[in-house]
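In this chain, residues are counted from 1 in sequence order.
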Amino acid sequence: QVQLVESGGGLVQPGGSLRLSCAASGFLEDYYAIAWFRQAPGKEHEGVSCIRSSDGGTYYADSVKGRFTISRDDAKNTVYLQMNSLKPDDTSVYYCRASEGEPCLIPTVGSWGQGTQVTVSS
């Protein structure tokens, strides 16, 4: 089964940037896609972005399109989420998980990890 570890969260002011990392235990090619999700207090998990392993195709939720960029480094077995122009509404715990579907925002079997906290506040 896939093992993913998130890192890179922190506290930033509105308009700031953060780069999240998702380190996989195995090769990214072992999974159909890797996706970033987020969960704000009192809310359900929300699909943010995903990247397919086969061709690198990407998808972004409307709420983050134009501000966030997902990428991968196969040599490091790592997926990144570059977050620019951050807003207070982006405040959430961010998780990465193996995923599937079209768009690729359906979590596969497994569980939510610890995630990484992103707080956007002045």
Side-chain angles (χ1 to χ4, degrees):
Q1 62 271 29
V2 61
Q3 295 285 333
L4 302 172
V5 179
E6 307 93 341
S7 63
L11 173 63
V12 297
Q13 296 183 355
S17 298
L18 283 173
R19 189 193 194 194
L20 306 183
S21 297
C22 173
S25 61
F27 298 107
L28 296 178
E29 289 76 12
D30 291 341
Y31 320 109
Y32 176 77
I34 300 293
W36 286 97
F37 302 84
R38 64 188 183 186
Q39 184 179 37
K43 296 186 177 181
E44 300 293 328
H45 290 90
E46 173 191 13
V48 176
S49 181
C50 55
I51 183 167
R52 288 194 299 269
S53 298
S54 59
D55 61 357
T58 60
Y59 174 83
Y60 299 93
D62 289 342
S63 59
V64 307
K65 191 172 184 177
R67 301 187 297 119
F68 292 9
T69 303
I70 191 170
S71 62
R72 71 184 188 193
D73 187 332
D74 293 336
K76 297 181 179 180
N77 296 321
T78 300
V79 173
Y80 303 97
L81 186 68
Q82 178 67 47
M83 306 186 296
N84 299 325
S85 302
L86 284 163
K87 306 174 181 179
D89 285 348
D90 295 319
T91 296
S92 289
V93 178
Y94 284 72
Y95 305 87
C96 62
R97 284 188 67 167
S99 60
E100 61 187 5
E102 183 60 41
C104 45
L105 291 176
I106 301 175
T108 61
V109 294
S111 61
W112 301 105
Q114 294 183 353
T116 185
Q117 175 71 50
V118 172
T119 302
V120 185
S121 176
S122 59

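With a 6.0 Å cutoff to the six-membered ring centre and a 45° limit on the axis angle, Arg97 does not count as a cation-pi contact of Phe37.
Met83 and Val93 end up in different hydrophobic clusters when Ile, Leu, Val, Met, Phe, Trp and Tyr side chains are linked at under 4.5 Å. The same ILVMFWY cluster, assembled from side-chain heavy atoms under 4.5 Å apart, contains both Tyr31 and Leu81. Both Val120 and Leu18 are part of a single hydrophobic cluster, where members link through side-chain heavy atoms under 4.5 Å apart. Ile51 and Leu4 fall within the same hydrophobic cluster, defined by Ile, Leu, Val, Met, Phe, Trp and Tyr side-chain heavy atoms under 4.5 Å apart, directly or through other members. Cluster membership for Val79 and Tyr94, using ILVMFWY side-chain heavy atoms within less than 4.5 angstrom, is shared.
Remark: Leu11 CG to Gln117 CD distance equals 9.5 Å, nearest 0.5 Å. If you take CZ on Arg72 and CZ on Arg52, they are separated by 10.0 Å, rounding to the nearest 0.5 Å.
The closest donor-acceptor contact from the side chain of Thr78 to the backbone of Asp73 lies at 3.5 Å or more, if one exists at all. Between the side chain of Thr69 and the backbone N or O of Gln82, no donor-acceptor pair lies under 3.5 Å.
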Mind running side-chain contact (heavy atoms from CB on, under 4.5 Å) on Leu20 and Glu6 for me, showing each step along the way? CA-CA 7 Å; Leu20 306 183; Glu6 307 93 341; over 6 Å; no
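Within the 4.5 Å cutoff, the side chain of Phe27 has heavy atoms near those of the Asn77 side chain.
Counting only residues at least two apart or on different chains, no disulfide bond (SG atoms under 2.5 Å apart) pair has a member in residues 52-85. Residue pairs meeting the disulfide bond (SG atoms under 2.5 Å apart) criterion with at least one member in residues 64-97, sequence neighbours excluded: Cys22-Cys96. Residue pairs satisfying the disulfide bond (SG atoms under 2.5 Å apart) criterion with at least one member in residues 23-79, sequence neighbours excluded, are listed as follows: Cys50-Cys104.
Heavy-atom minimum distance, Thr58 versus Ile70: CG2-CG2, 3.5 Å. Across all their heavy atoms, Gly101 and Tyr32 have their closest contact at O-CE2, 3.7 Å. Taking each heavy atom of Tyr95 and Gly113 in turn, the nearest pair found is CE2-O, 3.1 Å. Heavy atoms only, all atoms of each residue included: Pro14 and Ser122 are closest at CD-N, 3.7 Å. Between Ser17 and Asn84, the closest heavy-atom pair is OG-OD1, 2.9 Å.
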Counting only pairs under 3.5 Å, give me each side-chain donor-acceptor contact of residues 41-49, with atom names and distances, residues two or more places apart or in other chains.
residue, atom, partner, partner atom, Å
His45, NE2, Gln39, OE1, 3.4
Glu46, OE1, Arg38, NE, 2.9
Ser49, OG, Tyr59, O, 2.9

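Legend: residues meeting salt bridge (charged side-chain N to carboxylate O under 4.0 Å, His left out) with Arg67, ordered by chain and number and at least two apart, are Asp90.
Side-chain heavy-atom separations under 4.5 angstrom define the hydrophobic clusters, and Ile106 shares its cluster with no other residue.
Checked against the 6.0 Å centroid threshold, Trp36 and Phe68 do not count as a close aromatic pair.
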